[in-house]
Visitor: 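Quick one: this structure, given as structure tokens, is what I'll be asking you about.
Scope of the values below: all heavy atoms of this structure, side chains included, with no hydrogens, waters or symmetry mates. Each chain gets a letter, A, B and so on, in the order the sequences are listed, and its residues count up from 1.
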Amino acid sequence: MDQRILIARSGQAVDAADVPRLLPPDFQELLAGSLTAGTRVAAYYGQPSPDGAGKVLVTAVLANDREGTLGLFATEVTGAVPSLAEEFPALQLFERELHEQHGVVPTGHPWLKPVRCEEGMGREVPFFAMEGEAVHEVAVGPVHAGIIEPGHFRFQCHGEHVFHLEISLGYQHRGVERLLAGGPTRRTPALVESIAGDTVIGHGVASARALEALGGVTAPPRACALRAVALELERLANHVGDLGALAGDVAYLPTASWCGALRAEFLNALAELCGNRFGRGLVVPGGVRFDLPDDAAARLAARVQDAWERVDAAAGLFFRSPSVRDRTEGTGTVSRETAASLGLVGPSARASGLPVDVRRSHPWPPYDTRRIPVEVGDTGDVHARAWVRFEESRHSAAFVVSALSTLPPGPVAVAAGTPAPGRLAVSLTEGWRGEICHAVTTGADGRIARYKVVDPSFHDWMGLQVAMRTGEISDFPLCNKSFNLSYCGHDL
Amino acid sequence: MTGLLRTRLHLGHQTIAYPEGPARFPERFRGRPVVSADRCRAGCAECEEVCPTEAIARPGAGRLALDTGACVFCGRCEEACEDGAIVFTRDYRLSMRRREELAVTGDAPQLAAALDAKMKRLFGRSLKLRQVSAGGCNGCEAELNAAGNIQFDLSRFGIQFVASPRHADGVVVTGPVTANMRSALVETWEATPAPKLLIAVGACAISGGPFKGSPVCSDGAGGVIPGVGVDLYIPGCPPHPVTVLDGLLRLLGRVEGDDLKLASTGIVEPTRPAGARPKNR
């Protein structure tokens, strides 16, 4: 084993000082070598060096899916480092973020532009442009036609044909990481739940597990089971809603109408648990705030089973319709190789044939004992992304029904514990969009010195841009919905 | 085709009975809070200490108030108060026309007043709205979308979300209004023909919510557009689709009075008896 890497597990705290600090060239070499060997970048972020002097402490968190471990190593840099983005496209956005947040210049980066325009939208950002008399540019956003979050899309087209799509985000930047630093405070859970309001449980669990690790406590088994029930209900609600929206985008209205309404069954199930349709207020460091009596759990299980049967019927029609298949098959294709090199996560990666799912590779209770099947597609198109989400919804429904009928006895929370000083905890959670990573470092005073959030959308937005190449611009809404990425999760 | 018809029969009618009949809310749903200053113990500030968004004013001083414009309805204050001075009910009606009306000091229902006769004549049977998410986390956006689905079906009332501000009678804002969305919001407003309405949905758009004080946000939609005030506040984190419906229908004068439509009992019940400490921590 390489002594230059600290091996940790998801949801485990380590001494921040134990993370090996390498010289920048050794760091770069190790990063390149580890990525070549098949690990994935879960987080790659900076913070002001505790030693001061204007240096930036850059930490890499690499996920080894075979071993179920995380590899941590760091370096201190000032000024510039050679970019690895050309060789490892999965790093390109992380390098740009390091540049924007800490001024570390990745020398030779192929397209070094702001990630979120954290300093304001005032100055023009460059866009890739094509020359040619027949080439035209289509600019969309930030305000879109529907009720959706803002982002700017710039297409280079020839008629319907799309040569290139570039997505420019940052409109949703609320300063989440800065607001979380200095905590935990009474505001922390509300902030975490608002990182992406459709992934309240996903981010809530990631945060709670990191803070529990820092506080040296473990959530009781019943709390873990209820968290997993909530996480799968969140997955169901979003997948089912999106199957409806996809149907709407290809004008297959029966599934659009029904799935739009059936999504509410899973949101309402969350509300039965905690009073809020998005699961707000449920997950806290130490456990969950609401218990479910066994008889209520049995009733909820029956409701979820019944709702799933209706989804199965409504969404099944969608997949059997030839007109739907005509629009979804071969549309917005991302190959397995591309998905791997871009570092895609979640259903977008699985649809392209990559079996990445941290519920399996980095399991936490109850997923360590209650294994959930991973659905993998192979065509990487809109159809595959829809199908993967349909099939994993089926597993989630079965999981919820089974988990609700076998809730372990005992309390649902313990005291959260006070974070220990000088520690680093990384936790991975498989949200409905994919891998959520929270890396939390405490300072000498025990307060949070750096709270790094990596939403799955941060990995996946590039996938959508690549999926649109050589496609038709009229297929964009369909492609976009098949990924359904988070703007605020990316913008933080 | 036969599969389609079979599924249609199997799934049945989906639209809720509200506003003619009751709407369904889960037992643990946290709607309008009831504040009892007389139960509030002098010198105690436990509710304020747990509130994530500083929504509670003057605890322990005999004039307790809860600002539903800042509240994220997490229920921690209720949990912290041993005396039952704050109790969340299942009353889904929360919308108000003026910012200061959102401060709850008692048990009065929150019922938004209707537009004046001229505006009601203009918008009463057809209200087209443009939505702008300005830092919204997709919670409020999701519930606004849900308000338009076949279950809640906003369009039954002639209310629709439209694709262009040029076609709109008003702008619905969600999110704390980030610095990066400020100019886009102002431009959308300016592109909307007058007379027009400004509606703030959710704690973030009303007060900044959890993002209050963020150096890159504006603490909500009020004051972002020079000289323009908010016409309707719809509180919540996010507001339930029926809360959205109730606010818009009251604004248009389509729902009036204090008749509460709630499934099962039809009355507002505190989620637990006043004064009792919750069993679940």
Visitor: For chain A, which candidate among B/Val172, B/Asn138, B/Asn149 shows the most heavy-atom pairs at distances under 4.5 Å?
Guide: B/Asn138
Visitor: Do the side-chain N and O atoms of A/Glu234 and A/Thr199 include a donor-acceptor pair separated by under 3.5 angstrom?
Guide: no
Visitor: Step through the shown structure and confirm whether more than 12 heavy atoms of other residues, nucleotides or ligands are within 6.0 Å of CZ on B/Arg156.
Guide: yes
Visitor: For A/Ile147, is it the side chain, the backbone, both or neither that has a heavy atom under 4.5 Å from a heavy atom of chain B?
Guide: both
Visitor: Going by atom types only, do A/Tyr451 and A/Ser207 share a side-chain donor-acceptor pair under 3.5 Å?
Guide: yes
Visitor: If you count heavy-atom pairs within less than 4.5 Å of chain A, which of B/Glu187, B/Glu48, B/Arg182 leads?
Guide: B/Glu48
Visitor: Under 3.5 Å, is there a donor on one side chain and an acceptor on the other for B/Glu141 and B/Gln131?
Guide: no
Visitor: Does any backbone or side-chain atom of B/Phe152 lie under 4.5 Å from a heavy atom of chain A? Answer side chain, backbone, both or neither.
Guide: side chain
Visitor: Less than 3.5 Å apart, any donor N or O on the side chain of A/Asn268 or A/Arg277 sitting next to an acceptor on the other?
Guide: yes
Visitor: Would you mind telling me which of A/Ser194, A/Gly244, A/Gly260, A/Gly241 has the largest number of heavy-atom pairs within less than 4.5 Å of chain B?
Guide: A/Ser194
Visitor: Checking heavy atoms, do the side chain of B/Ser164, its backbone, both or neither come under 4.5 Å from chain A?
Guide: neither
Visitor: Is it the side chain or the backbone of B/Gln14 that comes within 4.5 Å of chain A heavy atoms, both, or neither?
Guide: side chain
Visitor: Using 30° and 60° as the class boundaries, would you call the ring planes of B/Phe25 and B/Tyr92 parallel, tilted or perpendicular?
Guide: parallel
Visitor: For A/Pro411, which atoms come within 4.5 Å of any heavy atom of chain B: side chain, backbone, both, or neither?
Guide: neither
Visitor: Which region of B/Val50, side chain (C-beta onward) or backbone (N, CA, C, O), has a non-hydrogen atom less than 4.5 Å from a non-hydrogen atom of chain A, or is it both or neither?
Guide: backbone
Visitor: Please walk me through it: do B/Asp169 and B/Leu197 pass side-chain contact (heavy atoms from CB on, under 4.5 Å)?
Guide: CA-CA 6 Å; B/Asp169 305 314; B/Leu197 301 168; 5.8 Å; no
Visitor: Measure up the A/Phe153 and A/His144 rings against each other and bin them: parallel (under 30°), tilted (30 to 60°), perpendicular (over 60°).
Guide: parallel
Visitor: Going through the distances and angles, do B/Val216 and A/Arg178 end up as a side-chain contact (heavy atoms from CB on, under 4.5 Å)?
Guide: CA-CA 10 Å; B/Val216 290; A/Arg178 262 190 284 178; 3.7 Å; yes
Visitor: So for B/Pro241, is it side chain, backbone, both, or neither that comes closer than 4.5 Å to the heavy atoms of chain A?
Guide: side chain
Visitor: Return the option, out of B/Ala163, B/Gly139, B/Pro165, with the maximum number of heavy-atom pairs under 4.5 Å with chain A.
Guide: B/Ala163
Visitor: Would you mind checking which part of B/Arg6 comes under 4.5 Å of any heavy atom in chain A, side chain (CB onward), backbone (N, CA, C, O), both or neither?
Guide: neither
Visitor: Do the side chains of A/His152 and A/Tyr171 get nearer than 4.5 Å, heavy atoms only?
Guide: yes
Visitor: Quick check on the interface: out of A/Glu149, A/His173, A/Arg174, who has the most heavy-atom pairs with chain B under 4.5 Å?
Guide: A/Arg174
Visitor: Heavy-atom cut-off 4.5 Å, strictly under: side chain, backbone, both or neither for B/Ile150 against chain A?
Guide: side chain
Visitor: If you tally heavy-atom pairs under 4.5 Å against chain A, which of B/Ala179, B/Pro176, B/Ser133, B/Cys74 wins?
Guide: B/Ser133
Visitor: Determine whether the side chains of A/Ser457 and A/Asp455 contain a donor N or O and an acceptor N or O closer than 3.5 Å.
Guide: yes
Visitor: Does any heavy atom of chain B fall under 4.5 Å from the side chain of A/Phe278, the backbone, both, or neither of them?
Guide: side chain
Visitor: Which of the residues B/Cys237, B/Pro215, B/Gly75 is involved in the greatest number of heavy-atom pairs with chain A at under 4.5 angstrom?
Guide: B/Cys237
Visitor: I'd like to know whether B/Ile86 forms a side-chain contact (heavy atoms from CB on, under 4.5 Å) with B/Leu66, so could you lay out the CA-CA distance, the side-chain angles of the two residues, the decisive distance to 0.1 Å, and finally the verdict.
Guide: CA-CA 8 Å; B/Ile86 300 174; B/Leu66 197 163; 3.7 Å; yes
Visitor: Please determine, among A/Thr185, A/Ile195, A/Leu273, the option with the most heavy-atom pairs under 4.5 Å with chain B.
Guide: A/Leu273
Visitor: Counting a contact as any heavy-atom pair under 4.5 Å apart, which residues of residues 311-320 of chain A contact chain B?
Guide: A/Ala313, A/Ala314, A/Leu317
Visitor: If we ignore angles and hydrogens, is there a donor and acceptor under 3.5 Å between the side chains of A/Asp198 and A/Asn238?
Guide: no
Visitor: Determine the option with the most heavy-atom pairs under 4.5 angstrom with chain B, choosing from A/Gly175, A/Gly281, A/Pro142, A/Ala271.
Guide: A/Ala271
Visitor: Taking it one step at a time, do B/Phe161 and B/Leu144 satisfy side-chain contact (heavy atoms from CB on, under 4.5 Å)?
Guide: CA-CA 9 Å; B/Phe161 286 94; B/Leu144 288 172; 4.0 Å; yes
Visitor: Considering residues at least two apart in sequence or located in another chain, which fulfil the salt bridge (charged side-chain N to carboxylate O under 4.0 Å, His left out) criterion with A/Arg280?
Guide: none
